**Q** 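Here it is: the structure, laid out below.
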Protein chains: 2
Amino acid sequence: MAITIYDVAREANVSMATVSRVVNGNQNVKPATRKKVLDCIERLGYRPNAVARGLASKKTTTIGVIVPDISKSFYSELSRGIADVATMYEYNMILSNSDESTDREVELIEDHLGKQVDGLIFMSDSISDEVRAGMSTANVPIVLAGTLDVEKQLATVNIDYEEAAYVAVNKLIRNGHTKIVFVSGPFTRDINRISKKVGYMRALQDADIPVDEQFVIEMEDTYDGAYEGWKQIRELQGQPTAIIAGSDAIAVGLLNGIRDGGLSVPEDYELICFEHSILARVVRPQLTSIVVPLYDLGAVSMRLLTKLMNGEEVEEQQVILPFRLEERKSMK
Amino acid sequence: MAITIYDVAREANVSMATVSRVVNGNQNVKPATRKKVLDCIERLGYRPNAVARGLASKKTTTIGVIVPDISKSFYSELSRGIADVATMYEYNMILSNSDESTDREVELIEDHLGKQVDGLIFMSDSISDEVRAGMSTANVPIVLAGTLDVEKQLATVNIDYEEAAYVAVNKLIRNGHTKIVFVSGPFTRDINRISKKVGYMRALQDADIPVDEQFVIEMEDTYDGAYEGWKQIRELQGQPTAIIAGSDAIAVGLLNGIRDGGLSVPEDYELICFEHSILARVVRPQLTSIVVPLYDLGAVSMRLLTKLMNGEEVEEQQVILPFRLEERKSMK
DNA sequence: GTGAAAGCGCTAACAC
DNA sequence: GTGTTAGCGCTTTCAC
């Protein structure tokens, strides 16, 4: 049996209320008493039971984080940002993987709420109605990190992906390209379908370049998928000369496909992509990319969540972070 | 105020004990009663409070995971393995980053134990005395994942890194090399100092190749560190012709250093490394490597932890998983 | 400045 | 098969 607050109280000849005050830093304790209690705590090796505390106080100082797959660098970077801010505010984090399954997502939300998390950070490709319904039963705040809410009702933290795509495509256009292929991850991901693709099209339209639907190619967002997927681009009519890739995994897959096929970047194709993880830097040529501030996305999401949990007034629930363009060698 | 078991009991005209039985799948409930209770649960939107349950049952179905840095692929892969098995056994996981700081590690252990985790999985470069002391106060099982215990007292799951290094170096030797450089991550990491380095030396000794201490180079375990660190190797006396790298981040850093310096792999240097993450596959030439089964390391650690938590008899607390050698193009 | 006592929402005997 | 009741280890009034 572990040491309880009661054991400490008996040992120190005070009531458990006083021990509780000492443990919680309440000032209404005579210094001498405080010292006596602290000594007993030390001597007995008392460790407050956070579960009991959680039940009594209705706060667990724990937040939930639901992520598609923590082994993907996109989410592990983001999670690190969340974790650091969580630590700063003395929250622990329960982390779960959903694999993008709606059923699993709903289950996990229910599960985390049952564990009485004080708040929830959720990431996914898209918010299904079921998930939305699950969230609506929550009595704690929820923030979407790096995840769009098409209804714009939930708190979110993102960059302006549409603008980023616009900027990237525009850069290709200014380099003289008119035949620009957009290689996207799955359109089941809102960010791909709603933001990046739209930014791509808008950039073309603003430059009076006709949009060729076959130049929009959807594929799995993985290195291997893109390496294989390269064949689709090679066989495209219309001789494209530039590519914007939805992620650096895709970009690197294409790059290796291009080179293993005897062509080269940026001579035969100029290439620009999103993300700029380590992948974009280890390949030659290094990839010119839109840098998505993943860590910050996480950190700001958690910061927003703390405000919401504290009931603070938040002027804007839809936070947009800046992105930047990192120029390397995959464009001339 | 949330719906409690008591509300459901009143609504269904049964006692809270019966509701508890239904919720917990206890068979001693008449089907009709069960249905009635289930209906009320559904209707009221009752969600069991896991905190209250944890306090009453002294089990939280939550484990703690303490990791140096979740944003490093090594740990995020491993954590995914842990998470999947945890899900299988219906545990949640509280995940925290220690950044290898002993103080932080001790704090986190204390913190997790305070949250009443049912078990703990710990990862670090090395187990300090303070951490060992913190662990000794735990009344729940602890497993070290991908982390050595030099005292061999704690439960651990690893591969035989020494043997792996031996195999790798041996492969270089059989290709005719005698001047083999070992580029290691920090020797503050037990696995580097105690296992890999020893395997390297043993392979040389078994082949009657004299060990040249300057051929053992310690550097930061990062791409950028190794890219810079390449200079040290270039300036080495004795003309080494082969390199074994402690990780693929190091290997890729060296590879790019070598190539940006006008030399090439495997012509000027043959190269072999540990890990084989995506990095090893996107570079050209692809890297021949020892594959460390990170996911499995995590999964098996969690499986072991479940056994320990159940009080099951475990024949061997020091689990060794197999590794394999993946032959690609950085060796002839 | 300190103590007594009533919960927090559940589980787990034990009784019937 | 179901109900009663005593905790689990704290926080939090409310007295004193």
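Proteins get letters first, then strands, A, B, ... in listed order; numbering begins at 1 in each. These numbers were taken from a predicted model, which means no experiment stands behind them.
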**Q** Can you list everything that forms a side-chain contact (heavy atoms from CB on, under 4.5 Å) with B:Pro68? Sequence neighbours excluded, please.
**A**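 Per chain and number, B:Pro68 pairs via side-chain contact (heavy atoms from CB on, under 4.5 Å) with B:Tyr75, B:Ser98, B:Glu100, B:Met123.
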**Q** Rounding to 10°, can you tell me the angle the first-five-pair axis of the helix from C:dG1-D:dC16 to C:dC16-D:dG1 makes with its last-five-pair axis?
**A**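 Answer for the end axes of this duplex: 30°.
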**Q** Do you know the tightest heavy-atom contact between B:Val8 and B:Ile41?
**A**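 In terms of heavy atoms, the two residues are closest at CG1-CG1, 3.8 Å.
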**Q** Judged by modelled atom types alone, do B:Asn310 and B:Thr306 share a side-chain donor-acceptor pair under 3.5 Å?
**A**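 Result is no, nothing qualifies.
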**Q** For B:Val14, which contact category applies under a 4.0 Å heavy-atom criterion: base, sugar-phosphate, or nothing?
**A**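 If one applies the 4.0 Å heavy-atom cut-off, B:Val14 turns out to touch the sugar-phosphate alone, with no base involved.
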**Q** Filter on side-chain hydrogen bond (donor to acceptor under 3.5 Å, both in side chains), then keep only pairs touching residues 27-36 of chain B, sequence neighbours left out; what's left?
**A**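 Checked against side-chain hydrogen bond (donor to acceptor under 3.5 Å, both in side chains) - neighbours excluded - the pairs reaching residues 27-36 of chain B are B:Lys35-B:Asp39.
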**Q** Can you pull every protein N or O that's under 3.5 Å from an N or O on nucleotides 10-14 of chain C?
**A**
unit_1: C:dC10; atom_1: OP1; unit_2: B:Tyr46; atom_2: OH; d: 2.6
unit_1: C:dC10; atom_1: OP1; unit_2: B:Asn49; atom_2: N; d: 3.1
unit_1: C:dC10; atom_1: OP2; unit_2: B:Ile5; atom_2: N; d: 2.4
unit_1: C:dT11; atom_1: OP1; unit_2: B:Asn24; atom_2: OD1; d: 3.3
unit_1: C:dT11; atom_1: OP1; unit_2: B:Asn24; atom_2: ND2; d: 3.1
unit_1: C:dT11; atom_1: OP1; unit_2: B:Arg53; atom_2: NE; d: 2.9
unit_1: C:dT11; atom_1: OP2; unit_2: B:Ser20; atom_2: OG; d: 2.6
unit_1: C:dT11; atom_1: OP2; unit_2: B:Asn24; atom_2: ND2; d: 3.4

**Q** Nearest nucleotide by nearest heavy atom, which residue falls closer to the 5' end of DNA chain D, B:Leu55 or B:Asn13?
**A**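 Result of the comparison: B:Asn13.
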**Q** Distance under 6.0 Å and angle within 45° of the ring axis: does B:Arg193 meet both against B:Tyr161?
**A**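 No; the conditions do not both hold, so B:Arg193 does not lie above the ring face of B:Tyr161.
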**Q** Can you check the B:Asn28 CG to C:dC16 P distance for me, whole Å?
**A**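 The distance from CG of B:Asn28 to P of C:dC16 comes to 18 Å, rounded to the nearest Å.
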**Q** Taking B:Ser57 for the side chain and B:Arg53 for the main chain, is one N or O donor matched with an acceptor at less than 3.5 Å?
**A**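 Yes, because the side chain of B:Ser57 sits within donor-acceptor range (under 3.5 Å) of the backbone of B:Arg53.
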**Q** Is the NZ atom of A:Lys307 crowded by more than 12 outside heavy atoms at less than 6.0 Å?
**A**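 Result for NZ/A:Lys307: enclosed.
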**Q** Can you pull the side-chain hydrogen bond (donor to acceptor under 3.5 Å, both in side chains) pairs that have at least one residue in residues 81-94 of chain A, sequence neighbours excluded?
**A**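 Of all non-adjacent pairs touching residues 81-94 of chain A, those that pass side-chain hydrogen bond (donor to acceptor under 3.5 Å, both in side chains) are A:Arg80-A:Asp84, A:Asp84-A:Tyr295, A:Tyr89-A:Arg303, A:Asn92-B:Asp111, A:Asn92-B:Lys115.
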**Q** In terms of the nearest nucleotide of DNA chain D, which residue is placed more toward the 5' end: B:Ser15 or B:Lys58?
**A**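 Its nearest nucleotide being more 5', the pick is B:Ser15.
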**Q** Hey, where on DNA chain D does chain A first and last touch, going 5' to 3'? Cut-off is any atom under 4.0 Å from a heavy atom.
**A**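 Contacts span D:dG9 to D:dT12, reading 5' to 3'.
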**Q** Around A:Glu42, counting heavy atoms of other residues, nucleotides and ligands shown, do more than 12 lie under 6.0 Å from its CD?
**A**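 Check fails, neighbour count at 12 or below.
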**Q** Which heavy atom of B:Ser96 sits nearest a heavy atom of B:Leu108, and at what distance?
**A**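 Heavy-atom minimum between the residues: CB-CD2, 3.6 Å.
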